[in-house]
S.K.: 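I'd like to ask you about the structure that follows.
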Amino acid sequence: MSWKELHRKKYVMDNITQSQAESNIVRKTNSQEYIYLSIIIIVGLIIRVFVSWQDFATLFQKCVVDDALFYLNISKHIAEGKGATFDGFILTNGFHPVYALILVPLFWLFPNNPDLTFHLALTICSIFNVLTGVVIHFTTKNIAGRNAGLIASFLWIFNPYVILISLNGVEVSVACFFLSLCIYKFVKMRKIDSYSSRDIILLGVLSATAILGRVDAVFLLMAITFFIFYAVYKKEEKIIPSIAQPALFCGVVFAVLAPWFYWNLYHFGTIRQISGVTLPNISHNMYLMKYKTYFSFAFILYELNYLKLWILSTLKYSGGVLFFCVLFAVFIFVGREHLIQNIRKLLAQMKYIDFAILSTGILVSFYSLYFWGWHRPWYYLSVMLVVTICTGIIMENILLHLTVSNSAGPMNKKRDATLYLALLFYFSLQGNQIWMKGLFPFQKQLYESAVWMNENTEKDATIGAISSGSYGYFTHRAIDLLGVVNNEAYRAIKAKKIFAYMKKKNIKYLVDREDMIRFFSERFDENGFMGKMLPIKKFGDKDSDIVVYRIIY
């Protein structure tokens, strides 16, 4: 063998050895990544399942909301063949079908065990919420690398607000999972700048499922439609060809939604869910009762106040105002030598998720400027999803400037361990404070009054309530008067004949907050009905406390 052949053979072997070494490093890095992600997932799931199996009275003050009991009753009645009804009789569309249908098999398996089905429902919410953390990891990894993905998933899994809000028993955990899949899929398409019909169809199915999971996912649909059009137009530079892909996307979405729309149109004459109609109507009436007209300076202040509330609440639930102040201060400090370049790099990464940021802005504007009241923490979970991804990207950019050795790479153990321990300590302190107070401490009276109504009223007596979830769950004879799951009550509210409706339904007891009952009497009955109310039990002395009335017809 000649010297040249030996040299060529050595060169080839050196390249193979180097390639194998690089491949081993990649495999080792991937292995570390999945080990860390698995630990985050398992620990996060254990925490959630542990919370899910606490006693009902505790959970009802800490995280489970009254609306959760709407779902349990509706799913139970679907399983029993009574249709989508809260009280077993009045058909409703005041729910999101994906979560309700997921719960139905629980009542096939355990028809007479409300305790077990309640805890299993929360366990399902736990699983979907943790799976969302997995999707967040891969989405953020696609944008800013492995470490960013792990940080974002860690922020989601261990944020105490995410944990408790996701365990409120309503649809948001399931809805956010499908929403995260939509974001992941579209980010992946934008990274490779490919919008094939196959990918568009899959994205359309995911988007429709997200909307069926929670209807405000329609804002993400709007944003994705625009960005698909813009991306194709940049390539084609012609309007008509650029419309084809977004049209295909929307066509798939509406094809999947069509059965739900048809069911709503057939039974209610509209595709709008009654819960999305009645709640803003109540809020607007509260405003008009106080200010008489929208055409006043008070209206502007009202709008700005709710916008401020949404922004501050989003920051609070996503980590806290102080957390974000420190985050941005550190970003500026560690990258001060090349701040402009660092900001440009960050913005370039954020560009891949700008469609989700846009949809979040639309959602926040809608709820704060139109919905007004009904400050419900679970409305924020999809917003927190997007904020978490963005936070993971920002924190990874900070860590790149804090690398402590030349061999740091994507898995600098000391650096990352310090960060995760600091976050875990912060979340532990925050979580302890939140748990001690609970998200819904005022629901203690709802629970106590629901138990009292079940034990101290006639078993054949119909009960009316404005916040009716707990009363329906415990007594199985409550009628929703707010209209959230009762189209009949909404029509009575609009006609200002709510007392006539109570009489028609032979409601014997009315139970709720005293101020809300008075509001209904003044605003939704042409003659008022407080003179027909005989108080028989009070759960406090304040206007916001619950009172049980016997109705005198």
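Position 1 is the first residue of the sequence; numbering continues from there.
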S.K.: Look at the side chain of Arg48 and the backbone N and O of Gly44, then say whether any donor-acceptor pair between them is shorter than 3.5 Å.
M.R.: yes
S.K.: When you compare the side chain of Tyr370 with that of Pro280, does any pair of heavy atoms fall below 4.5 Å?
M.R.: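 Yes. Closest side-chain heavy atoms under 4.5 Å.
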S.K.: Kindly indicate, with the supporting measurements, whether the criterion side chain to side chain contact (heavy atoms under 4.5 Å, CB included) is fulfilled by Leu220 and Ile183.
M.R.: CA-CA 9 Å; Leu220 185 68; Ile183 293 172; 4.2 Å; yes
S.K.: How would you list all residue pairs meeting salt bridge (Lys or Arg N to Asp or Glu O under 4.0 Å) that involve residues 174-191, not counting sequence neighbours?
M.R.: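 Matches after skipping sequence neighbours: Lys185-Asp199, Arg190-Asp354.
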S.K.: Got a second to check how far Thr360's OG1 is from Ile389's CD1, nearest 0.5 Å?
M.R.: 9.0 Å
S.K.: Could you please spell out the steps behind the ring-ring contact (aromatic ring centres under 6.0 Å, His included) verdict for Phe474 and Tyr447?
M.R.: CA-CA 9 Å; Phe474 281 101; Tyr447 171 73; 5.7 Å; yes
S.K.: For Tyr71, give me all partners under ring pair (Phe, Tyr, Trp, His ring centres under 6.0 Å), at least two apart in sequence or on another chain.
M.R.: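 Partners of Tyr71 under the ring pair (Phe, Tyr, Trp, His ring centres under 6.0 Å) test: Tyr99.
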S.K.: Report the C-alpha separation of Ser52 and Ser126 in whole Å, then their side-chain angles, then the decisive distance to 0.1 Å, and conclude whether the side chain to side chain donor-acceptor pair (under 3.5 Å) test is met.
M.R.: CA-CA 8 Å; Ser52 298; Ser126 300; 3.0 Å; yes
S.K.: Taking the side chain as every heavy atom from C-beta outward, state whether Leu59 and Asp55 have any atom pair closer than 4.5 Å.
M.R.: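 Counting from C-beta outward, Leu59 and Asp55 never come under 4.5 Å.
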S.K.: Can you give each donor-acceptor pair under 3.5 Å made by side-chain atoms of residues 434-443, sequence neighbours left out, with the distance rounded to 0.1 Å?
M.R.:
residue	atom	partner	partner atom	Å
Gln443	OE1	Asp66	N	3.1
Gln443	NE2	Phe60	O	2.6
Gln443	NE2	Val64	O	2.8

S.K.: What is the distance from atom CG of Leu122 to atom SG of Cys63, rounded to the nearest 0.5 Å?
M.R.: 6.5 Å
S.K.: Does anything in residues 201-229 pair up under salt bridge (Lys or Arg N to Asp or Glu O under 4.0 Å), and if so which pairs, sequence neighbours excluded?
M.R.: Glu171-Arg214, Arg214-Asp216
S.K.: For a quick test of your reading: what N or O donor-acceptor pairs under 3.5 Å do the side chains of residues 223-231 make, sequence neighbours left out?
M.R.:
residue	atom	partner	partner atom	Å
Thr225	OG1	Leu221	O	2.7

S.K.: Counting only heavy atoms not in Lys308, do more than 12 sit closer than 6.0 Å to its NZ atom?
M.R.: no
S.K.: If we ignore hydrogens and angles and just use 3.5 Å, is the side chain of Ser359 paired with the main-chain N or O of Ala356 as donor and acceptor?
M.R.: yes
S.K.: Take atom CD in Gln341; do more than 12 heavy atoms of anything else shown fall under 6.0 Å from it?
M.R.: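 Yes.
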S.K.: Any chance you could measure Thr92, atom OG1, to Phe86, atom CZ, to the nearest 0.5 Å?
M.R.: 10.0 Å
S.K.: May I ask you to decide if Ile274's main-chain N or O and Thr278's side chain share a donor-acceptor pair within less than 3.5 Å?
M.R.: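 Pair absent, no side-chain N/O of Thr278 close to backbone of Ile274.
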S.K.: Rounded to the nearest 0.5 Å, what separation is found between the CG atom of Leu131 and the CD1 atom of Ile41?
M.R.: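 The distance works out to 8.0 Å.
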S.K.: Do Phe186 and Phe355 pass the side chain to side chain contact (heavy atoms under 4.5 Å, CB included) test, and can you show the C-alpha distance, the side-chain angles, and the key distance before you say yes or no?
M.R.: CA-CA 9 Å; Phe186 196 50; Phe355 68 97; 3.6 Å; yes
S.K.: Passes side chain to side chain donor-acceptor pair (under 3.5 Å), Thr123 versus Trp53? Steps please.
M.R.: CA-CA 8 Å; Thr123 303; Trp53 288 82; 2.9 Å; yes
S.K.: Just jot down the side-chain hydrogen bond (donor to acceptor under 3.5 Å, both in side chains) partners of Asn432, sequence neighbours excluded, or say none.
M.R.: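 side-chain hydrogen bond (donor to acceptor under 3.5 Å, both in side chains) list for Asn432, sorted by chain: empty.
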S.K.: Short question: side chain of Asn93, backbone of Arg272 - any donor-acceptor pair under 3.5 Å?
M.R.: yes
S.K.: Check for a donor-acceptor pair, side chain of Gln245 on one end and backbone N or O of Tyr195 on the other, with a separation under 3.5 Å.
M.R.: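 Indeed, once roles are kept as given, a pair shorter than 3.5 Å links the two residues.
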S.K.: Taking the six-membered ring for Trp, are Tyr367 and Tyr379 parallel (under 30°), tilted (30 to 60°) or perpendicular (over 60°)?
M.R.: parallel
S.K.: Walk me through it: do Phe366 and Trp372 pass the test ring-ring contact (aromatic ring centres under 6.0 Å, His included)?
M.R.: CA-CA 9 Å; Phe366 171 76; Trp372 296 352; over 10 Å; no
S.K.: Indicate the atoms forming the closest heavy-atom contact of Ser382 with Leu179, along with that distance.
M.R.: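 Of all heavy-atom pairs spanning Ser382 and Leu179, the closest is CB-CD2, 3.4 Å.
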S.K.: With the side chain counted from C-beta on, respond yes when Leu155 and Val162 share a heavy-atom pair under 4.5 Å apart, and no when they do not.
M.R.: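 Leu155 vs Val162: side chains apart.
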S.K.: Verify, without hydrogens or angle tests, whether Asp480 (side chain) and Val485 (backbone) share a donor-acceptor contact under 3.5 angstrom.
M.R.: yes
S.K.: Tell me, please, which residues at least two apart from Tyr184 pass ring pair (Phe, Tyr, Trp, His ring centres under 6.0 Å).
M.R.: none
S.K.: Would you check, one step at a time, whether the test side chain to side chain contact (heavy atoms under 4.5 Å, CB included) holds for Ser283 with Phe371?
M.R.: CA-CA 7 Å; Ser283 297; Phe371 244 65; 6.0 Å; no
S.K.: Measuring from Ser194:OG to Lys235:NZ, what's the distance to the nearest 0.5 Å?
M.R.: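 Rounded to the nearest 0.5 Å, the OG-NZ separation comes out at 6.0 Å.
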S.K.: What is the ring orientation for Phe56 with Tyr473, classed by angle as parallel under 30°, tilted 30 to 60°, or perpendicular over 60°?
M.R.: parallel
S.K.: With side chains defined as the heavy atoms from C-beta onward, is the minimum distance between Tyr233 and Ile243 less than 4.5 Å?
M.R.: no
S.K.: How about Leu164 and Pro160: do any of their side-chain heavy atoms sit closer than 4.5 Å?
M.R.: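 Heavy-atom side-chain distance check fails, nothing below 4.5 Å.
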S.K.: Taking the side chain from Thr58 and the backbone from Gln54, do they hold a donor-acceptor pair closer than 3.5 Å?
M.R.: no
S.K.: Under 6.0 Å from the CZ atom of Arg198, do we count more than 12 heavy atoms belonging to anything else shown?
M.R.: no
S.K.: Under the criterion ring pair (Phe, Tyr, Trp, His ring centres under 6.0 Å), which of Tyr426, Tyr36, Tyr420 is the partner of Phe154?
M.R.: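 The ring pair (Phe, Tyr, Trp, His ring centres under 6.0 Å) with Phe154 is passed solely by Tyr420 among Tyr426, Tyr36, Tyr420.
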S.K.: Testing Met395, Met350, Gln349 one by one against Cys390 for a side-chain contact (heavy atoms from CB on, under 4.5 Å), which residue passes?
M.R.: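 In the set Met395, Met350, Gln349, the residue that makes a side-chain contact (heavy atoms from CB on, under 4.5 Å) with Cys390 is Met350.
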S.K.: Restricting to ring pair (Phe, Tyr, Trp, His ring centres under 6.0 Å), what partner residues turn up for His77, sequence neighbours left out?
M.R.: none
S.K.: Would you list the pairs meeting side-chain hydrogen bond (donor to acceptor under 3.5 Å, both in side chains) in which at least one residue belongs to residues 131-145, sequence neighbours left out?
M.R.: Glu33-His137, Glu33-Lys141
S.K.: Test: side-chain hydrogen bond (donor to acceptor under 3.5 Å, both in side chains). Region: residues 151-167. Which pairs qualify, not counting sequence neighbours?
M.R.: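 Those involving residues 151-167 are Asn129-Ser166.
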S.K.: Got a second to check how far Leu167's CG is from Ser173's OG, nearest 0.5 Å?
M.R.: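 The CG atom of Leu167 sits 6.5 Å away from the OG atom of Ser173.
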S.K.: Donor-acceptor pairs under 3.5 angstrom involving side-chain atoms of residues 314-325: please list them, not counting sequence neighbours.
M.R.:
residue	atom	partner	partner atom	Å
Thr314	OG1	Trp310	O	2.8
Ser318	OG	Thr314	O	2.8

S.K.: Report yes or no: do Asn397 and Asn342 form a side-chain donor-acceptor pair below 3.5 Å?
M.R.: no
S.K.: Show the atom names and distances, to 0.1 Å, of all donor-acceptor pairs under 3.5 Å that link a side chain in residues 105-115 to residues at least two apart or in another chain.
M.R.:
residue	atom	partner	partner atom	Å
Trp108	NE1	Ala79	O	3.4
Asn113	OD1	Leu116	N	3.2

S.K.: Please examine the side chains of Val43 and Ile157, heavy atoms only from C-beta on, and report whether any two atoms are closer than 4.5 Å.
M.R.: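 A side-chain contact under 4.5 Å is absent here.
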